[in-house]
Colleague: 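I have a structure I would like to understand better, so I am pasting it below and will then ask my questions one at a time.
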Amino acid sequence: MSEVIKVGMADLKVATPPNTIRTSGLGSCVGVVIYDEMTNVFGMAHIMLPDSSQSKQATLNIAKYADSAIKELIKQLLSQGARAFSLKAKIAGGAQMFTFQSGSDLMRIGPRNVEAVKLALKQSKIPILAEDVGGKSGRTIEFDPLTKTLHIRTVNQGTAAI
């Protein structure tokens, strides 16, 4: 029996087949799937903000930020038997959900999240094999580790697979 592992906002989880992993509510947030094709260990993070250094909270939720979430996800994958040299990634989300007159960079949360995720993956030497980012619509994503397919349901635009 397979189970769908649900990843909440500002959350991350690791799993193995035959389970799949899903997150919903990706507006400006970015869903990152990192997996090892050989060991089939995989995980997902639902990232809300680009940089943990901006946090003003006493207790840091490391899954909330691109820089800290990707490091933690990699650490958990490796602890479950994944190998650093064979990790791959797929990403989705980072929509610009609202239009602002000011054009302030602070309001570009979706695009800034995508940039931060790409930078963190590059720094960790993890190639991004596929992405579905940007736009103005929310997404739900589900990763199937057996086919290595990321299924994406986009509001008003149907489904896609990458």
Side-chain angles (χ1 to χ4, degrees), residues 1-52 60-95 97 110-111 113-135 137-162:
M1 288 280 306
S2 67
E3 182 183 347
V4 177
I5 308 297
K6 292 184 173 74
V7 178
M9 290 179 93
D11 187 16
L12 60 83
K13 294 197 174 129
V14 172
T16 54
N19 297 325
T20 60
I21 197 162
R22 176 190 305 153
T23 194
S24 54
L26 290 173
S28 59
C29 298
V30 176
V32 179
V33 174
I34 302 177
Y35 60 96
D36 180 336
E37 285 183 310
M38 301 308 287
T39 65
N40 279 332
V41 175
F42 61 96
M44 181 184 287
H46 184 131
I47 294 169
M48 291 179 65
L49 293 168
D51 185 1
S52 61
L60 181 70
N61 174 357
I62 56 177
K64 187 175 187 175
Y65 303 93
D67 59 338
S68 54
I70 288 174
K71 284 180 190 159
E72 178 62 21
L73 184 55
I74 293 166
K75 185 173 118 185
Q76 288 189 25
L77 288 164
L78 297 177
S79 76
Q80 295 296 313
R83 297 148 324 145
F85 67 87
S86 64
L87 293 176
K88 311 262 187 300
K90 294 188 177 187
I91 65 174
M97 298 300 289
N113 281 341
V114 171
E115 291 163 17
V117 163
K118 288 182 174 184
L119 177 61
L121 289 167
K122 183 178 181 180
Q123 289 172 336
S124 298
K125 296 179 174 58
I126 298 175
I128 300 170
L129 298 188
E131 65 181 68
D132 180 20
V133 296
S137 299
R139 296 168 174 90
T140 294
I141 61 173
E142 184 169 337
F143 182 71
D144 181 344
L146 299 177
T147 62
K148 313 297 184 269
T149 304
L150 185 61
H151 298 277
I152 304 156
R153 256 192 344 267
T154 306
V155 177
N156 301 326
Q157 294 172 11
T159 60
I162 59 173

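As the structure is a prediction and not an experimental result, all values here were calculated from the model. Both backbone and side-chain heavy atoms feed into the values below; hydrogens, waters and symmetry mates do not.
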Colleague: Atom CG of Asp144 and atom OG of Ser2: how far apart are they, to the nearest 0.5 Å?
Modeller: 9.0 Å
Colleague: Which pair of heavy atoms, one from Met48 and one from Asn113, lies closest together, and at what distance?
Modeller: O-ND2, 2.9 Å
Colleague: Which residue is it: Leu119, Ile62, Ile47? I am looking for the one with a side chain to side chain contact (heavy atoms under 4.5 Å, CB included) to Ile70.
Modeller: Ile47
Colleague: If I take atom CD1 from residue Ile162 and atom OG1 from residue Thr149, how far apart are they, to the nearest 0.5 angstrom?
Modeller: 9.5 Å
Colleague: How many angstroms lie between OG1 in Thr20 and CD1 in Ile5, if you round to the nearest 0.5 Å?
Modeller: 7.5 Å
Colleague: Closest heavy-atom contact between Lys90 and Leu129?
Modeller: CE-CB, 4.4 Å
Colleague: Do Asp36 and Ser86 have side-chain atoms, one donor and one acceptor, less than 3.5 Å apart?
Modeller: yes
Colleague: Identify the two heavy atoms, one from Leu73 and one from Ala45, that lie closest to each other, and give their separation to 0.1 Å.
Modeller: CD2-N, 4.0 Å
Colleague: Measuring from Ser137:OG to Arg153:CZ, what's the distance to the nearest 0.5 Å?
Modeller: 13.5 Å
Colleague: Any luck finding a side-chain donor-acceptor pair between Gln76 and Glu72 under 3.5 Å?
Modeller: yes
Colleague: Which pairs with one or both residues in residues 41-51 pass side chain to side chain donor-acceptor pair (under 3.5 Å), sequence neighbours excluded?
Modeller: Thr23-His46, Asp51-Ser53
Colleague: So Leu150 and Tyr35, do their side chains get closer than 4.5 Å, heavy atoms only?
Modeller: no
Colleague: So which heavy atom on Lys6 is nearest to which on Asp11, and how close?
Modeller: O-OD2, 4.2 Å
Colleague: Take Met44 and Ile141 through the side-chain contact (heavy atoms from CB on, under 4.5 Å) test and state the conclusion after the steps.
Modeller: CA-CA 10 Å; Met44 181 184 287; Ile141 61 173; 3.9 Å; yes
Colleague: Please check: side-chain N/O of Asn61 versus main-chain N/O of Ala10, any donor-acceptor pairing under 3.5 Å?
Modeller: yes
Colleague: Restricting to salt bridge (charged side-chain N to carboxylate O under 4.0 Å, His left out), what partner residues turn up for Lys64, sequence neighbours left out?
Modeller: none
Colleague: Compare every heavy atom of Lys148 with every heavy atom of Glu37, then report the nearest pair and how far apart it is.
Modeller: CA-CE, 3.8 Å
Colleague: Using side-chain heavy atoms (C-beta onward) and a distance below 4.5 Å, is Thr16 in contact with Gln80?
Modeller: no
Colleague: Looking at side-chain heavy atoms only, is the closest gap between Val114 and Pro111 below 4.5 Å?
Modeller: no
Colleague: Indicate yes or no: at least one non-hydrogen side-chain atom of Leu78 is less than 4.5 angstrom from one of Ile74.
Modeller: yes
Colleague: Looking at side-chain heavy atoms only, is the closest gap between Asp132 and Thr154 below 4.5 Å?
Modeller: yes
Colleague: For Ala66 and Ala116, which heavy atoms make the closest approach, and how far apart are they?
Modeller: CB-CB, 3.6 Å
Colleague: Kindly write out the residues that satisfy side chain to side chain contact (heavy atoms under 4.5 Å, CB included) with Pro17, not counting sequence neighbours, or none if the list is empty.
Modeller: Asn40, Phe42, Pro145, Leu146
Colleague: Tell me, yes or no, whether the heavy-atom count around Lys88 atom NZ, taken from other residues, nucleotides or ligands under 6.0 Å, exceeds 12.
Modeller: yes
Colleague: I'd like to check His151 versus Thr159 (side-chain heavy atoms, cut-off strictly below 4.5 Å). Are they in contact?
Modeller: no
Colleague: Taking atom CD1 of Ile126 and atom NZ of Lys118, what is their separation to the nearest 0.5 Å?
Modeller: 15.0 Å
Colleague: Rounded to the nearest 0.5 Å, how far does OG of Ser124 lie from CD1 of Ile34?
Modeller: 7.0 Å
